[in-house]
Amino acid sequence: MDMKWKGLLAYNGADEENEEPTDFGFNWQLKGNMVNKSIQRRSRVERLSEAGITRELKDLPSWKRTDEKWIERKYRFKDYLAGIRFVDQIAAYAEEKKHHPLISIDYKVVTLRMSSWQAKGLTALDFEMAKTFEETFENAET
Ligand SMILES: C[C@H](O)[C@H](O)[C@H]1CNC2=NC(N)=NC(=O)C2=N1
């Protein structure tokens, strides 16, 4: 890699294959406050590489990759209405992010499935939201 980039860029690891900052908005972001908001936004909804997905899943041991474009997590609650309250919380968050999970409610079990439909795959936003769902669940009534 050309040394002039070293001091400026933080590699976000989204695309192992490319050493050089091929697509500035996708693989590399300027460090510190020089980060360009549009780059940040774009990279959050750019499809992740297999390496990126594997890396993200390491921080989400309860989430499973069900196929190329989807991750899934089943949450079990103490009773039906505890699950409904959880759904209410995560639905409000999803609406705020304009990024929605598929939700199944099977009595005391709530299943969330995440994918980025427009990107036709998994993006950093899917995993960012899955982490928030986990935090919400930690405070739920199980
Ligand atoms: C216009 C609206 O924001 C878009 O259709 C949003 C809605 N919610 C979404 N949710 C998910 N999971 N993926 C999307 O691509 C998506 N697009």
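Just so you know, ligand 1 is whichever comes first in the structure, and atom 1 is the first atom listed for that ligand. Note that the numbering runs from 1 along the sequence shown for the chain.
- A salt bridge links Lys97 and Glu128; the closest N-O separation between the charged side-chain nitrogens and carboxylate oxygens is under 4.0 Å.
- Counting only N and O atoms by type, the side chains of Thr111 and Lys74 include a donor and acceptor under 3.5 Å apart.
- Checked by distance only, ligand 1 and Asp126 stay at 3.5 Å or farther apart across all their nitrogen or oxygen atoms.
- Between Arg113 and Glu72 there is a salt bridge, since at least one side-chain N of the basic residue sits less than 4.0 Å from a carboxylate O of the acidic one.
- By the 3.5 Å distance cut-off applied to N or O atoms, Trp117 is counted among the residues near ligand 1.
- A donor-acceptor contact closer than 3.5 angstrom is absent between the side chains of Glu56 and Trp63.
- In this structure, the protein non-hydrogen atom closest to atom 12 (N) of ligand 1 is Ser115 O, 2.7 Å.
- Proximity of Pro101 to ligand 1, defined as any heavy-atom pair under 4.0 Å, is not found for any part of the residue.
- Close contacts of ligand 1 with Lys98, meaning ligand atoms under 4.0 Å from a residue heavy atom, involve 3 (O), 6 (C), 7 (C), 8 (N), 9 (C).
- The protein heavy atom nearest to atom 8 (N) of ligand 1 is His100 ND1, 2.8 Å.
- Residue Gln118 approaches ligand 1 through these ligand atoms, each under 4.0 Å from one of its heavy atoms: 4 (C), 5 (O), 15 (O), 17 (N).
- For the residue pair Thr123 and Ser116, a side-chain donor N or O sits within less than 3.5 Å of a side-chain acceptor on the partner.
- Ring planes of Tyr80 and Tyr107: parallel class, angle under 30° (limits at 30 and 60°).
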